[in-house]
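What follows is a set of notes on a single structure, which appears directly below.
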Amino acid sequence: DDKPALTLVELRAKIRALKREIDSGRTLVPCSGLKVVVVDYLQLMQGVRERGDTREREVASLSGGLKNLAKQENICIIAVSQLNRGLEQQKDKRPSLKDLRECLAGDARIYDPTTGARTTVRELYWRGREVPIVALNQKTLKLETARAEIKFGERKPSATVRTATGRTIRLSPDHPALTIRGWRPIAECVGKEIAVPRRLPAPGVARTSVELARLLGYLIRNGSYKEMGSVGGTMPESALLDDAADIVRRNFPPIEPRVHRHRSGTHTVAFTVRGGAGPRHNPIIEWLRRLDIHGQGTPEKTIPELVMGSGLEITRAVLGGLYAGDGSVVPRKQGGYTVKYSSTSMELLEQMRHLLLRHGVLAILGKKSRNTKSTVDIAVLTVSGKEQVGLFADAIEIPGVKGERLQAASAWARRGERNQHHDRLPREVTLGLNALRRACGLSHVELGYRCSGKRIGREELLSAAERCREAARFPGE
């Protein structure tokens with residue numbers, strides 16, 4: 001039947017009519033009954049589209065209707081869907097989830113683990129070659145470096161997805177996301193847990209020195225390097241001011257930092273060349289220009305690509321300089337500490353969150369906000385919980401007074417038990433563990449965990465899984 005724009009109602013009627021013909025024996029070829037129906041292909045069917053609905057929602061409702069129809073008629077329905085034509089260019093012609101016709105938006109960023117760059121899909125497409133990416137190995141469930149080719153697709157509706165930790169991306173609603181029950185369209189994952197990286201691989205190249213990276217951290221947060229102006233900054237501590245001045249003296253000899261100390265505790269420094277005429281004779285300005293950050297104002301400040309493409313030692317230094325300038329290690333009223341960093345540059349906060357993820361630290365990027373007196377948006381990057389604060393303290397070294405507070409936070413993170421309500425797994429994991437417990441013949445006491453439908457922690461799950469493994473290895477003991 002090649003009737004165009006077939007609806008679910010018409011398909012149901014045709015299936016029932018064909019079953020009556022088969023039961024009455026009026027078919028040309030004798031058969032025992034209708035077993036399989038093939039729809040070729042799904043996008044050519046016509047669904048019920050309400051006002052404001054997208055084509056993706058219409059196709060999703062069609063697939064759900066076919067599933068219900070298969071149950072009602074007790075038959076198997078195979079729905080064929082069109083794949084990306086880029087599959088023809090691959091050596092392995094077997095299709096996978098990535099070959100379905102979903103896509104990322106042009107402004108979505110992809111991380112290159114070899115260079116450390118975060119490049120938009122649009123830029124990668126115009127380069128016209130395969131690019132290295134970080135992909136999930138379906139067998140080991142570990143992140144590995146792979147290569148992908150960016151293909152241009154048709155214009156289609158997109159949705160911006162934001163996780164509870166502040167990660168955002170724009171993609172098509174039918175793009176798959178990994179859940180505890182496998183890959184699902186992102187439109188079906190609203191309010192549910194999806195898999196995200198807990199650590200990203202980092203390049204192993206040191207493309208600058210540690211002290212210059214720390215100086216960059218000071219300047220990005222507390223410095224000024226606009227066009228037609230001198231380079232300088234405000235330091236909250238005298239020790240940080242002396243450190244920045246010493247770094248400049250060692251690496252940019254013609255410059256003699258001019259320090260102005262104030263009794264309020266806020267000190268300023270200017271990095272100028274005595275007797276120099278204009279910025280052309282200032283080596284630190286030339287350095288900032290080579291890094292492609294000279295002229296940035298506070299809301300536009302970013303971490304240069306040279307640092308983003310460096311190894312952990314360099315990124316640790318620049319993050320330490322940033323947090324020493326305007327970060328904070330805040331004691332909580334109920335006990336414990338929280339590490340925060342606020343900025344009006346959203347790109348800077350996103351870069352910092354990304355660099356922290358390379359060190360295994362999960363930071364939460366809050367939503368943008370603006371009070372009645374401010375003229376620009378501001379957001380806060382937060383690291384909370386014993387586990388994450390402890391990882392931050394191990395990975396990042398903050399100079400100055402804030403570094404001393406971070407040591408106190410590190411001691412708190414190692415003291416006593418961690419909060420079991422942080423970093424819990426979805427409830428489906430607990431339900432699966434309960435089914436495994438019954439299959440192994442264990443009680444809740446023998447398992448060491450009461451499966452009451454709550455979200456389980458990772459350490460508890462590992463302990464319970466080990467007991468189930470022992471029970472399956474030595475049954476009856």
Side-chain angles (χ1 to χ4, degrees), residues 116 203 205-327 343 345 347-348 351-352 355 396-403:
V205 182
R207 302 173 64 184
T208 186
S209 64
V210 173
E211 63 176 10
L212 284 180
R214 189 166 67 252
L215 176 64
L216 269 175
Y218 294 152
L219 290 176
I220 292 173
R221 183 52 218 167
N222 297 102
S224 173
Y225 38 86
K226 292 185 177 181
E227 290 285 354
M228 307 305 294
S230 61
V231 178
T234 302
M235 300 293 175
E237 302 174 35
S238 180
L240 300 180
L241 183 72
D242 295 337
D243 186 28
D246 291 340
I247 294 174
V248 171
R249 289 191 187 99
R250 285 192 295 269
N251 292 273
F252 307 99
I255 296 179
E256 181 59 35
R258 292 188 295 172
V259 178
H260 302 276
R261 302 183 188 273
H262 196 269
R263 59 185 179 183
S264 64
T266 301
H267 314 292
T268 60
V269 60
F271 302 120
T272 58
V273 179
R274 294 187 181 274
R280 290 179 299 174
H281 301 279
N282 193 323
I284 197 170
I285 291 181
E286 294 299 323
W287 176 59
L288 294 173
R289 283 176 177 170
R290 289 195 300 270
L291 294 176
D292 199 25
I293 63 173
H294 185 254
Q296 293 180 346
T298 302
E300 300 89 26
K301 284 185 175 180
T302 59
I303 300 174
E305 292 298 329
L306 183 76
V307 175
M308 296 297 293
S310 297
L312 296 180
E313 186 180 13
I314 304 302
T315 57
R316 178 184 298 113
V318 73
L319 286 172
L322 284 165
Y323 275 97
D326 205 34
S343 177
S345 174
E347 178 62 20
L348 174 62
Q351 288 178 315
M352 293 177 62
L355 291 181
I396 310 301
E397 182 180 353
I398 302 178
V401 175
K402 294 172 185 176

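Worth knowing before you read on, the calculation uses all heavy atoms, side chains too, and leaves out hydrogens, waters and symmetry mates. All residue numbers refer to positions in the sequence shown, counting from 1.
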(request) With side chain to side chain contact (heavy atoms under 4.5 Å, CB included) as the test, would you mind laying out the steps for Leu241 and Glu237 before giving the verdict? (result) CA-CA 6 Å; Leu241 183 72; Glu237 302 174 35; over 6 Å; no
(request) Give, for atom CG of Leu355 and atom CG of Leu319, the distance between the pair rounded to the nearest 0.5 Å. (result) 5.0 Å
(request) Sort and list the pairs that fulfil salt bridge (charged side-chain N to carboxylate O under 4.0 Å, His left out) and have at least one residue in residues 212-225, not counting sequence neighbours. (result) Arg214-Asp243, Arg221-Asp326
(message) Counting C-beta onward and ignoring hydrogens, is there a side-chain heavy-atom pair between Pro203 and Ser310 closer than 4.5 Å?
(response) no
(message) I'd like to check Glu211 versus Arg250 (side-chain heavy atoms, cut-off strictly below 4.5 Å). Are they in contact?
(response) yes
(message) With a 4.0 Å cut-off on N to O distance, would you call Glu313 and Arg316 a salt bridge?
(response) no
(message) Would you compute the distance between atom CZ of Phe252 and atom CD1 of Ile285 and round it to the nearest 0.5 angstrom?
(response) 11.0 Å
(message) With rounding to the nearest 0.5 angstrom, report the CG to CH2 distance, Leu219 to Trp287.
(response) 6.5 Å
(message) So, taking the atom named CD in Gln296 and the one named CG in Leu348, what distance separates them when rounded to the nearest 0.5 Å?
(response) 9.5 Å
(request) Go through the side-chain N and O atoms of Gln351 and Thr302 and say whether any donor and acceptor fall under 3.5 Å apart. (result) no
(request) Answer yes or no: does atom CZ of Arg249 have more than 12 heavy-atom neighbours from other residues, nucleotides or ligands under 6.0 Å? (result) yes
(request) Check whether any side-chain heavy atom of Ile314 sits under 4.5 Å from a side-chain heavy atom of Leu312, and report yes or no. (result) no
(request) For Glu256, look at atom CD and say whether over 12 heavy atoms of other residues, nucleotides or ligands are found less than 6.0 Å away. (result) yes
(request) Decide if atom CG of Asp292 counts as having more than 12 heavy atoms of other residues, nucleotides or ligands within a radius under 6.0 Å. (result) no
(request) For side chain to side chain contact (heavy atoms under 4.5 Å, CB included), just list the numbers for Arg258 and Phe271, CA-CA rounded to whole Å, side-chain angles, deciding distance to a tenth of an Å, and then say yes or no. (result) CA-CA 7 Å; Arg258 292 188 295 172; Phe271 302 120; over 6 Å; no
(message) Once rounded to the nearest 0.5 Å, what's the spacing between atom CG of Leu215 and atom CG of Asn251?
(response) 8.0 Å
(message) Any heavy-atom pair between the side chains of Val231 and Ser224 that's under 4.5 Å?
(response) no
(message) Please find the pair of heavy atoms, one from Ala244 and one from Tyr218, that lie closest to each other, and give the distance.
(response) CB-CD1, 3.8 Å
(message) Please determine whether side chain to side chain contact (heavy atoms under 4.5 Å, CB included) holds for the pair Ile220 and Tyr225, giving the CA-CA distance in whole Å, both sets of side-chain angles, and the decisive distance to 0.1 Å.
(response) CA-CA 9 Å; Ile220 292 173; Tyr225 38 86; 3.8 Å; yes
(request) Examine distances only and state if a side-chain atom of Lys402 and a backbone atom of Gly327 form a donor-acceptor pair shorter than 3.5 Å. (result) yes
(request) Taking all non-hydrogen atoms of both residues into account, name the closest pair between Ser230 and Thr272 and its distance. (result) CB-CG2, 4.0 Å
(message) If we ignore hydrogens and angles and just use 3.5 Å, is the side chain of Asn222 paired with the main-chain N or O of Thr268 as donor and acceptor?
(response) no
(request) Could you check if a side-chain atom of Tyr323 sits within less than 4.5 angstrom of a side-chain atom of Val318, using non-hydrogen atoms only? (result) no
(request) Please tell me if the side chains of Pro304 and Leu216 come closer than 4.5 Å, counting only heavy atoms from C-beta onward. (result) yes
(request) Using modelled atom types only, decide if a donor and an acceptor are shared between the side chain of Ser345 and the backbone of Lys301 within a distance under 3.5 Å. (result) yes
(request) Would you please test Ile398 and Ile396 for side chain to side chain contact (heavy atoms under 4.5 Å, CB included) and show each step? (result) CA-CA 6 Å; Ile398 302 178; Ile396 310 301; 4.3 Å; yes
(request) Kindly compute the distance separating OG1 (Thr315) from CG (Leu322), expressed to the nearest 0.5 Å. (result) 11.0 Å
